[in-house]
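Taking it in order: structure first as structure tokens, then the write-up.
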Amino acid sequence: MKKAYFTLLIILGFYTSTLLSQGNIGLYTGLDVATFNLMEAATYEEENYGYERRESSESYSFLQSKIGFIYEDIFGDRIALNYAAEYSFNSYKKFEREAFNNSTSKVFLIPTQEKFQGVKFIFGFDFSVYGYMQEDPLQIMINAVFIQQFTHYMVQTDQSNIKSIDYSAKSFIYNQLQQHDVIRELDFGSFIAIGPKVNYEVSDDYYVYGSAKYNYNLVEGDGSNIMGNGFIYNFGMKYMLF
């Protein structure tokens with residue numbers, strides 16, 4: 001019953017806020033350049049390989065395209081709340097990954113490709129330090145957001161020239177990549193992110209935007225998440241329907 005009352009209060013608060021604010025609905029697209037520390041296999045020891053996990057010491061960068069829907073609640077001249085849902089995707093990233101030859105006990109490199117894609121639900125807060133909301137074409141803001149992220153991660157090897165090798169390849173996910181495998185994992189992550197944001201009105205209802213935020217991962221564990229903490233830079237175009 002307490003949960004029902006709490007949920008009702010949240011809904012009433014949302015509708016009350018919309019009565020006191022200017023609501024705008026729009027669509028957006030753009031690019032994310034993300035740099036994260038990912039979870040990885042911690043050892044090449046044959047017994048533990050691929051099962052012991054830790055955060056990678058080196059950061060990992062990738063580029064994603066995205067499309068999304070946004071609802072803005074604007075309060076006065078400088079404050080806005082944002083609700084957004086977006087789908088992000090990227091093409092395969094090709095590189096060489098370290099692998100362990102189970103027959104010779106030697107480490108070697110194999111051609112590998114991997115892909116990130118997924119859905120994000122975002123609740124954000126904008127505070128303008130330069131420019132008035134709905135009035136000035138340029139606003140420079142502080143942006144803080146909560147992100148609920150669902151990620152599909154896939155990695156596979158190029159099987160040419162290694163079909164006869166019995167190997168285990170280093171992977172960022174629970175199960176090690178065995179011979180000729182395609183490994184997939186669905187990741188559920190929660191992040192708090194904060195940083196500067198720029199919004200510029202190019203013409204009526206069309207805007208370009210960009211931001212640079214540090215993402216702090218709220219989910220911790222020995223592999224319950226793929227991504228650790230990291231930076232994300234994004235830019236794109238937004239069209240406000242009304």
Side-chain angles (χ1 to χ4, degrees), residues 7 10-36 62-91 116-152 187-216 218 227 230-242:
T7 304
I10 292 177
I11 295 173
L12 289 175
F14 172 77
Y15 281 111
T16 301
S17 70
T18 58
L19 294 175
L20 300 175
S21 64
Q22 161 108 24
N24 298 323
I25 296 175
L27 303 173
Y28 64 93
T29 185
L31 294 173
D32 286 341
V33 182
T35 301
F36 282 92
F62 56 91
L63 178 68
Q64 287 186 306
S65 303
K66 64 180 181 180
I67 55 175
F69 166 86
I70 187 170
Y71 175 78
E72 297 178 343
D73 255 348
I74 298 176
F75 299 84
D77 293 328
R78 297 196 179 273
I79 297 175
L81 297 179
N82 300 309
Y83 308 85
E86 70 179 46
Y87 173 71
S88 56
F89 50 94
N90 72 339
S91 57
F116 280 96
Q117 60 187 18
V119 176
K120 297 179 183 177
F121 297 98
I122 303 167
F123 170 69
F125 170 82
D126 287 333
F127 177 76
S128 178
V129 296
Y130 177 87
Y132 290 143
M133 303 282 187
Q134 300 286 94
E135 295 183 18
D136 295 326
L138 174 64
Q139 297 107 40
I140 300 175
M141 298 168 281
I142 299 297
N143 176 237
V145 297
F146 169 78
I147 302 171
Q148 192 63 68
Q149 181 169 309
F150 304 87
T151 301
H152 173 222
D187 179 45
F188 176 85
S190 300
F191 296 85
I192 292 289
I194 187 168
K197 176 182 175 181
V198 175
N199 200 45
Y200 181 72
E201 184 177 8
V202 179
S203 61
D204 290 344
D205 300 326
Y206 287 91
Y207 299 80
V208 292
Y209 67 89
S211 69
K213 293 190 286 289
Y214 180 75
N215 286 27
Y216 176 74
L218 300 176
M227 298 181 184
F231 290 91
I232 189 164
Y233 312 92
N234 67 78
F235 56 92
M237 177 165 285
K238 178 172 61 174
Y239 171 65
M240 302 310 293
L241 300 173
F242 58 86

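Every heavy atom of this structure was used, including side-chain atoms; hydrogens, water molecules and symmetry mates were not.
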Where does the angle between the aromatic ring planes of F150 and F121 fall among parallel (under 30°), tilted (30 to 60°) and perpendicular (over 60°)? perpendicular
For Y209 and Y28, take the angle between the two ring planes, folded into 0 to 90°, and tell me which bin it lands in: parallel under 30, tilted 30 to 60, perpendicular over 60.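 Perpendicular.
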Extract all donor-acceptor atom pairs below 3.5 Å that involve side chains of residues 235-242 and protein atoms in other chains or at least two apart in sequence.
from	atom 1	to	atom 2	distance (Å)
K238	NZ	E72	OE2	2.9

Provide the closest heavy-atom pair for A212 versus Y233 in the form atom of the first, atom of the second, distance.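 Closest pair (atom of A212, atom of Y233, distance): CB-CD2, 3.5 Å.
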Interatomic distance, [X] atom [atom1] to [Y] atom [atom2] [nearest 0.5 angstrom]:
{"X": "N234", "Y": "S88", "atom1": "CG", "atom2": "OG", "answer": "11.0 Å"}
{"X": "I122", "Y": "F69", "atom1": "CD1", "atom2": "CZ", "answer": "12.5 Å"}
{"X": "Q149", "Y": "F116", "atom1": "CD", "atom2": "CZ", "answer": "9.5 Å"}
{"X": "D32", "Y": "F89", "atom1": "CG", "atom2": "CZ", "answer": "11.0 Å"}
{"X": "T29", "Y": "L31", "atom1": "OG1", "atom2": "CG", "answer": "7.5 Å"}
{"X": "N143", "Y": "K213", "atom1": "CG", "atom2": "NZ", "answer": "4.5 Å"}

Under the side-chain contact (heavy atoms from CB on, under 4.5 Å) criterion, do I67 and L27 qualify, and how do the steps go? CA-CA 8 Å; I67 55 175; L27 303 173; over 6 Å; no
According to the ring-ring contact (aromatic ring centres under 6.0 Å, His included) rule, which pairs have a member within residues 128-148, sequence neighbours left out? none
Evaluation steps, side-chain contact (heavy atoms from CB on, under 4.5 Å), between V145 and F125: CA-CA 6 Å; V145 297; F125 170 82; over 6 Å; no
Between side-chain atoms of residues 193-200 and protein atoms elsewhere (two or more places apart, or another chain), which donor-acceptor pairs fall under 3.5 Å?
from	atom 1	to	atom 2	distance (Å)
K197	NZ	D126	OD2	3.1
N199	ND2	Q139	OE1	3.3

The test is side-chain contact (heavy atoms from CB on, under 4.5 Å); show your working for Y207 and E201 and say whether it passes. CA-CA 4 Å; Y207 299 80; E201 184 177 8; 3.5 Å; yes
Main chain of S128, side chain of R78: is a donor-acceptor contact present, judged purely on distance under 3.5 Å? yes
Check the pair Q148, F123 against side-chain contact (heavy atoms from CB on, under 4.5 Å), reporting the backbone distance first and the verdict last. CA-CA 9 Å; Q148 192 63 68; F123 170 69; over 6 Å; no
Taking M133 as the fixed residue, which of I79, I74, N24 is the one that meets the side-chain contact (heavy atoms from CB on, under 4.5 Å) rule?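 That would be I74.
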